[in-house]
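Scroll down for the structure; my scribbles are underneath it.
Just follow the structure's listing: the first ligand is 1, and inside any ligand the first atom is 1.
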Amino acid sequence: MKNYLIQIIEDDPSVKKLLEITFKEYGFNHISCENKKNAMMMFLSHNPDLLIVDLGLPDGDGKEFIKQVREISKIPVVVLSARHDEKEIIAALDVGADDYITKPFSVNELLARIRANLRRNISDENISSKILCGELEMDVASRDIFFKNEQLKLTPIEYELLKYFLLNTNKTLTHKQILKEVWGVGYQSEMQYLRTYVNTLRKKIEQNSTRPNYIKTESGIGYRFCCNN
Ligand code: CA
């Protein structure tokens, strides 16, 4: 396994310590800082593989840092927030964060999220016309989709929705982001469209659409398309 470097931006000493101990124990290299100003310098000089960003920093909002990073990099960004506040999380995802963890968090959850986001970034680097996820296979060039080796019949919107999910696996996507990408600008508040199509898609690709394995609901925030291969 590659030796990943994680950059932590967190001003709370106890949380920072917990992150550092966890990363050390599980074999991730890490560097850390406590404020926005140092975060950018450190990011530019060390070229890390993933960022963990606290939203409430002493010299400003972590979201501003994420915004700056997004102008120059596609690095996975996981937000860490004491504020169990959907609005804050949604705003962070909307400026380009990939995922979030709310404090207090479990070590297992933290590691699972980090692995998923590192994995997603690697698969982004090898973009081919075929996307594989569990028992799903999409050929982007021919627009064919197979589920358990059988061709899946999808409506054009279902296809676009599934394609967007497959290109953004293991990432929390807000309702607004999905509506904008699949339906277009101007549809960002049409929640009912999204709910309807997620339901019809679930019926086609989930063993049990009330307990989905692929399209997970992130309550109050959006959806996450889970892919573990
Ligand atoms: Ca803080």
Name, closest N/O/S atom of Asp11 to the Ca ion (ligand 1): OD1
3.0 Å cut-off met by an N, O or S atom of Glu10 to the Ca ion (ligand 1): no
Please determine if the Ca ion (ligand 1) has an N/O/S atom from Gly56 lying under 3.0 Å away. yes
Just give me the atom name: the N, O or S atom of Asp54 closest to the Ca ion (ligand 1). OD2
Partners meeting salt bridge (charged side-chain N to carboxylate O under 4.0 Å, His left out) with Arg115 (sequence neighbours left out): none
According to a 4.5 Å side-chain heavy-atom criterion applied to Ile, Leu, Val, Met, Phe, Trp and Tyr, with indirect links allowed, do Ile21 and Leu110 form part of one hydrophobic cluster? no
Determine the interplanar angle of the Tyr4 and Phe28 rings, folded into 0 to 90°, and report it as parallel if under 30°, tilted if 30 to 60°, perpendicular if over 60°. tilted
Residues in side chain to side chain donor-acceptor pair (under 3.5 Å) contact with Lys204, at least two apart in sequence or another chain: Glu158
